[in-house]
Number of protein chains: 2
Amino acid sequence: MPAPSQKHDVFQAIADPTRRQLLRLLADKEMPVTIISRHFPMSRTAVSKHLRILANAGLVKEQKVGRETRYRLQPEPLIELKQWLSFFERFWANKLSMLKHYVENEEIDGLKLVESKHEEQEPKE
Amino acid sequence: MPAPSQKHDVFQAIADPTRRQLLRLLADKEMPVTIISRHFPMSRTAVSKHLRILANAGLVKEQKVGRETRYRLQPEPLIELKQWLSFFERFWANKLSMLKHYVENEEIDGLKLVESKHEEQEPKE
DNA sequence: ATTATATGAAACCAAATGGTTTCGTGTCAA
DNA sequence: TTGACACGAAACCATTTGGTTTCATATAAT
């Protein structure tokens, strides 16, 4: 059993906005540290530390190639997040109030909502 | 427009394990601070501060009733998390490796996996 | 062989975080 | 009215966090 020595948990790893941006950046391309750090307003070393935290959480995989270390997304640990979320879905599943958010944000899970005919309405009390 | 003064964002709010436990606890029942704090190995004041952070993130609603303040889950901001996650789903959607996690964790999104007949198989290379 | 590049490690620092104890105040009960 | 209860605010503290700069080392290029 591998047991990836997860010193940092996923929840903490994604708490930082820089790290979330890193995950997006490394989602489809593999990149070396120097190139990565060009996308951020901080030192290479700082970015490197963020990458280490992501790696500890298993969210990113590093591969040494010559003198550079390339990083890429490893999305598997996000499953834990999804599972955690799924617990709460039963609490909003029937809530009209969520609709508001759907509308405000226009898109959810890649699906865009379109105008409906207000078939469901608040009773007029 | 209400604009809930979100000083703390959702990602940071759920980063702490105590706060995640709080959300679960307050998911179905509304509870006053003192009762809530009995579930945690720390002072009432500490729990109170966690509740404030959750409230600032909009994840919990407080209602004053007499001398007590009752808290309850407000799941709406979790939408943001779900949306964030949805971005990454396209990166694991086709990955066999996720299957491993499904099996290991037995359950995903409230659906339990059952034995299949291995209709899909890895080609034998 | 020498120089330039890519990187991590280390030492350091300010600010945020997660906790404590103490105190003041509003509310309920006798 | 006098207490007991529920709570938040404040002051305080240790540790963690997110950043810096400097230095050492491995690899690549000339």
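Within every chain, numbering begins at 1; the chains are lettered A, B, ... in the order of the sequence lines, protein sequences first and strands thereafter.
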Undergrad: Would you say that B/F88 contacts A/L73 through its side chain, given a criterion of any heavy-atom pair below 4.5 Å between the two side chains?
TA: yes

Undergrad: Test of understanding: with side-chain contact (heavy atoms from CB on, under 4.5 Å), list the residues that count as partners of A/S43, not counting sequence neighbours.
TA: A/T45, A/A46

Undergrad: Counting only side-chain N and O atoms of A/S43, is one of them less than 4.0 Å from OP1 or OP2 of D/dG19?
TA: no

Undergrad: Write down the distance between CD1 (B/I53) and C1' (C/dT17), rounded to a whole number of angstrom.
TA: 8 Å

Undergrad: Figure out the CG/C1' separation between A/L54 and D/dG18, and round it to whole Å.
TA: 13 Å

Undergrad: Which is more 5' along DNA chain D, the nucleotide nearest A/V65 or the one nearest A/P41? Just name the residue.
TA: A/P41

Undergrad: CG/B/L81 to CD/B/Q83 distance, rounded to the nearest 0.5 angstrom?
TA: 10.0 Å

Undergrad: Holding to salt bridge (Lys or Arg N to Asp or Glu O under 4.0 Å), I want the full list of residues that pass it with B/E68, two or more places apart in sequence or in another chain.
TA: B/R70

Undergrad: Please report, to 0.1 Å, the donor-acceptor pairs under 3.5 Å made by any side chain of residues 27-41 of chain B, with sequence neighbours excluded.
TA:
{"from": "B/S37", "atom 1": "OG", "to": "B/T34", "atom 2": "O", "distance (Å)": "2.8"}
{"from": "B/H39", "atom 1": "ND1", "to": "B/I35", "atom 2": "O", "distance (Å)": "3.2"}
{"from": "B/H39", "atom 1": "ND1", "to": "B/I36", "atom 2": "O", "distance (Å)": "3.3"}

Undergrad: Show me the donor-acceptor pairs, under 3.5 Å and distance only, between side chains in residues 10-19 of chain B and residues at least two apart or in other chains.
TA:
{"from": "B/D16", "atom 1": "OD2", "to": "B/T18", "atom 2": "N", "distance (Å)": "2.8"}
{"from": "B/D16", "atom 1": "OD2", "to": "B/T18", "atom 2": "OG1", "distance (Å)": "3.4"}
{"from": "B/D16", "atom 1": "OD2", "to": "B/R19", "atom 2": "N", "distance (Å)": "3.2"}
{"from": "B/R19", "atom 1": "NE", "to": "B/A13", "atom 2": "O", "distance (Å)": "2.7"}
{"from": "B/R19", "atom 1": "NH1", "to": "B/H50", "atom 2": "ND1", "distance (Å)": "3.1"}
{"from": "B/R19", "atom 1": "NH2", "to": "B/Q12", "atom 2": "O", "distance (Å)": "3.2"}

Undergrad: Measure all distances between protein nitrogen or oxygen atoms and nitrogen or oxygen atoms of nucleotides 13-17 of chain D, and list the pairs falling under 3.5 Å.
TA:
{"from": "D/dT17", "atom 1": "OP1", "to": "A/Q12", "atom 2": "NE2", "distance (Å)": "2.3"}

Undergrad: Check the interface with nucleotides 2-12 of chain C: list each N/O to N/O pair with the protein under 3.5 Å, or write none.
TA:
{"from": "C/dT5", "atom 1": "O4'", "to": "A/R67", "atom 2": "NH1", "distance (Å)": "3.1"}
{"from": "C/dT5", "atom 1": "O2", "to": "A/R67", "atom 2": "NH1", "distance (Å)": "3.2"}
{"from": "C/dT7", "atom 1": "OP1", "to": "A/V33", "atom 2": "N", "distance (Å)": "3.1"}
{"from": "C/dT7", "atom 1": "OP1", "to": "A/T69", "atom 2": "N", "distance (Å)": "3.0"}
{"from": "C/dT7", "atom 1": "OP1", "to": "A/T69", "atom 2": "O", "distance (Å)": "3.4"}
{"from": "C/dT7", "atom 1": "OP2", "to": "A/T34", "atom 2": "N", "distance (Å)": "2.6"}
{"from": "C/dT7", "atom 1": "OP2", "to": "A/T34", "atom 2": "OG1", "distance (Å)": "2.3"}
{"from": "C/dT7", "atom 1": "O3'", "to": "A/T69", "atom 2": "OG1", "distance (Å)": "3.3"}
{"from": "C/dG8", "atom 1": "OP1", "to": "A/Y71", "atom 2": "OH", "distance (Å)": "3.3"}
{"from": "C/dG8", "atom 1": "OP2", "to": "A/S48", "atom 2": "OG", "distance (Å)": "2.5"}
{"from": "C/dG8", "atom 1": "N7", "to": "A/R44", "atom 2": "NH1", "distance (Å)": "3.3"}
{"from": "C/dG8", "atom 1": "O6", "to": "A/R44", "atom 2": "NH2", "distance (Å)": "3.4"}

Undergrad: Once rounded to the nearest 0.5 Å, what's the spacing between atom CD of B/Q63 and atom OH of B/Y71?
TA: 12.0 Å

Undergrad: Can you list everything that forms a side-chain contact (heavy atoms from CB on, under 4.5 Å) with A/K61? Sequence neighbours excluded, please.
TA: A/R72, A/Q74

Undergrad: Could you check how far CE of B/M42 sits from C1' of C/dT20, rounded to whole Å?
TA: 12 Å

